[in-house]
Structure formats: structure tokens, C-alpha cells
Amino acid sequence: MALASGVRFAERALLRPWALLRGTTLGRTEPAAGGGGDGARRFGSQRVLVEPDAASGVAVMKLRNPPVNALSLELLTELVISLEKLENDKTFRGVILTSDCPRVFCAGLDLTEICGRNPAHCAEYWKAMQELWLRTYLSSLVLVAAINGACPAGGCIIALSCDCRVLADNPKYRIGLNETLLGIIAPFWLKDTYVNTIGHRASEQALQLGSLFPPAEALQVGLVDQVVPEDQVQSTALSEMARWLAVPDHARQLTKNMMRKATADRLLRQRDADTQNFVSFVCRDSIQKSLQAYLEKLRQRKG
Ligand SMILES: CC/C=C\C/C=C\CCC/C=C/CC(=O)SCCNC(=O)CCNC(=O)[C@H](O)C(C)(C)COP(=O)(O)OP(=O)(O)OC[C@H]1O[C@@H](n2cnc3c(N)ncnc32)[C@H](O)[C@@H]1OP(=O)(O)O
């Protein structure tokens, strides 16, 4: 379905979220393997699988947009809607965010959404990206990222928007904001999220160099909270979740809001200007050439 342009993504998502989904099956509910009662039923969409456990109040949300969980417009939309659905269901207090794709947590922006596309599409795409960040960063739920694969750029931002991060100990699973290496610039709210997590000096260095940190270095710089063997990522994420859920919700939520609101407000105040900046930047010929060359390099690397 073609999406009408010029209407704010958030407004449409609130009014008619299903209308945003092109060829998706969001809302489908099916029994989890070996599951029985309501607590074991899973729901979700084509690109986001949700495994809820009503008994514990925790849902596992799996990104499944193969091959690399690139953040397509559809994936962004489905993530926002799935998160909203869990937030509105008082049964749930926490979400573990992880990947259903082998070896990759999330490859960041889907570059095909901003390469060779018209300004209206780029604007719509960027609004969806803003929306996901705002939703995750300010979520009232406890969000734990179980990072079971590579986690560059937009993938890193999703992880940093969670409350806690557990990374699998595999040297190929690097995490960081590598935008400069693509010839693009992280917008201020990605930078702010980085600074809030690892501090100003470390961010200054890592952002300019486009550093992607292997697990031990990611732990050292404070990008992740735990590095564990790959087969323990999920169980460690559950243990972390239990630690966070031991705190009364209202006190934790108000504290989270106190810590994060100013950063989110900064984007909320200038969302349209940020979108315009993004669009005029990525639509420049020189940036399009850089993105095209980068995509080409990724495709050739494979062969
Ligand atoms: C003035 C300023 C104003 C505003 C700001 C302006 C701009 C702001 C924009 C800033 C935001 C940027 C955030 C981003 O997220 S940019 C995206 C950065 N992502 C990456 O660099 C990751 C690239 N991918 C990889 O490194 C590897 O793919 C990865 C390690 C994730 C997995 O490796 P693996 O070997 O398992 O897979 P590949 O063979 O590399 O890939 C498989 C196929 O997937 C395609 N692919 C990979 N990544 C992407 C992507 N991000 N988008 C689209 N497609 C992607 C890849 O080309 C392969 O495709 P095929 O060959 O199979 O066709």
C-alpha cells in the first residue's frame, strides 16, 4: 500500500497504526512451540516476533528482518506498534529485545530506504526512525537488549535506548556508531544518547573515528553492561531483567524519565527541523554517491 506523504508518522501511527503496514500480518497470535495457556502465546508481525510470558510480565521481542535486520520502514513501524501494544497491556513490565537473525542484532538504517529515494520518502523514513527512538528511549517498560550479533549504527542506538545491554562474547559482534565511515553524520540525538551512555570524551573520539568496539572494549568503555558467552545471552538478560523488575515500577519509571526527558525533549522541540536537516543532507549528490559506494562495497564484500 502506498503511504500518503505529508502526514506526520506519529499522528498516523496513533490514529491508524495498521494502515502503516505494507504486506504485514501484525496482530497475528499463534501458540508458541510447546506452549499452552495465554502466557505462552506469541504474537507480533512479519518482522517482529513477540513471545510474551504473562506470568513473569516479560516479553521477548525478536527482530526478524533477514538477512541483517536492516531498519526498513516496515520494521521500524512494526517495532513501534509492538512496543506500544506491550506498553498498553498492564500485564507487561519488561521487554527483552533481541535478534532472530543469526550473527546480526541489527545493521542499522536500511540504506536502501535513503539511497536513490525521493525527499518525501526520506522524510517519512526519518520520522519513523525518530519515533522508534522516542518510544524506546522513554519507554515505561524495562528494556533489556540481548545483543546476539553485530550491532552497528542504528542497531547500536536501539541497544543504547534500552536500560541495560548484554552482549555475546564474539569478536565479530562489534557495536558502535560508525556513521562517519559512511560519510554521514550522526544527528544530535544519536550523539546525545552516546554521550549519556559513555561520556563526552569517549563519544567525541568514538564518533569521529566511527569506532565499532569488539565486546571487551565495549564493556570497558561502558557501551554494554555485560559480556557473556553466546549461549548465556538470553539467560543473563533474564537475570538482569529480574534485577530491574525488583524495583517498584513507579519509582523506576519516574527516575528513568528524570534522567532521559531532557534529551528526548531536545528532539521533540525540533523534530521537523531535524527531519529537514536529514533530508537535505542525505539527498545531496555527494552523500548519495557515498551511500551508493558503501552499499556497493557491502554487496561486493560478500562475493
Ligand atoms: C547535517 C546532519 C543532519 C542530519 C544527519 C544526517 C544523516 C544521519 C544519518 C545517520 C544515521 C545513521 C545510522 C545508520 O544506521 S547508517 C547504517 C550503518 N550500517 C552499517 O554500516 C552496517 C553495514 N552492514 C554491515 O556491516 C554488515 O552487513 C553486518 C556486519 C551487519 C553483517 O555482516 P554479514 O557478513 O553477516 O552480512 P553482509 O553480507 O554484509 O550483508 C548481507 C546483505 O545485507 C545488506 N546490508 C547490510 N547492511 C545493510 C544496511 N544497513 N542497509 C541495507 N542493506 C544492508 C548487504 O548489502 C547484503 O546484501 P546482498 O549482497 O545480499 O544484496
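Starting from 1, each residue takes its place in the sequence as its number. Predicted model only: the values in this text are computed from it and were never measured. Every number for a ligand or one of its atoms is a count from 1 in the order of the listing.
Comment: E204 engages R201 in a salt bridge, judged by a side-chain N to carboxylate O separation of less than 4.0 angstrom. With salt bridges taken as basic N to acidic carboxylate O contacts below 4.0 Å, one links R135 and E131.
Here is the list of ligand 1 atoms found below 4.0 Å of a heavy atom in G154: 13 (C), 14 (C), 15 (O). Close approach to P152 involves these atoms of ligand 1, each under 4.0 Å from a residue heavy atom: 22 (C). Of all atoms in ligand 1, listed by their number and element, those nearer than 4.0 Å to a heavy atom of P67 are 42 (C), 43 (C), 44 (O). Residue contact check: F278 has heavy atoms under 4.0 Å from atoms 4 (C), 6 (C), 7 (C), 8 (C), 9 (C) of ligand 1. Which parts of ligand 1 touch D110 is read off a 4.0 Å heavy-atom cut-off, strictly below it: atoms 52 (N), 53 (C).
Contact annotation: for L182 versus ligand 1, heavy atoms closer than 4.0 Å belong to the side chain alone. At a heavy-atom distance under 4.0 Å, only side-chain atoms of R301, from C-beta outward, approach ligand 1. At a heavy-atom cutoff of 4.0 Å, ligand 1 is contacted by the side chain of F281 but not by its backbone. At a heavy-atom cutoff of 4.0 Å, ligand 1 is contacted by no atom of L71, backbone or side chain. By the criterion of a heavy-atom distance under 4.0 Å, the side chain of V104, and not its backbone, is placed next to ligand 1.
Of the residues Q270, Q130, K127, the one that meets the side-chain hydrogen bond (donor to acceptor under 3.5 Å, both in side chains) test with T275 is Q130. Screening I175, L223, V233 for a side-chain contact (heavy atoms from CB on, under 4.5 Å) involving L167 leaves a single residue, I175.
Panel note: side chain S211, backbone F213; no donor-acceptor pair is recorded below 3.5 Å. A side-chain donor-acceptor contact under 3.5 Å links S99 to the backbone of V104.
By the 30° and 60° cut-offs, the orientation of the rings of W126 relative to F278 is parallel.
The residue from N178, I185, I158 that puts a heavy atom closest to atom 7 (C) of ligand 1 is I185. Considering each of C106, G108, A107, P66, the one bringing a non-hydrogen atom nearest atom 19 (N) of ligand 1 is A107.
Where the criterion is an N or O separation shorter than 3.5 Å, residue side chain and backbone included, A186 fails it with respect to ligand 1. Geometrically, ligand 1 and T112 share no nitrogen or oxygen pair separated by less than 3.5 Å. Considering backbone and side-chain atoms together, N277 places no N or O closer than 3.5 Å to any N or O of ligand 1. Residue contacts with ligand 1: L190 is placed with no nitrogen or oxygen under 3.5 Å of a nitrogen or oxygen of the ligand (distance criterion only). The shortest N/O to N/O separation between L109 and ligand 1 falls below 3.5 Å.
Of all non-hydrogen atoms in G116 and Q288, the two that sit nearest each other are N-OE1, 2.7 Å.
E179 counts as a contact of ligand 1, since one of its heavy atoms falls under 4.0 Å from the ligand.
More than 12 heavy atoms of other residues, nucleotides or ligands sit less than 6.0 Å from atom CZ of R117.
No continuous path of hydrophobic side-chain contacts links L181 to L298 [ILVMFWY only; heavy atoms under 4.5 Å].
There is no side-chain donor-acceptor pair under 3.5 Å between E113 and S72.
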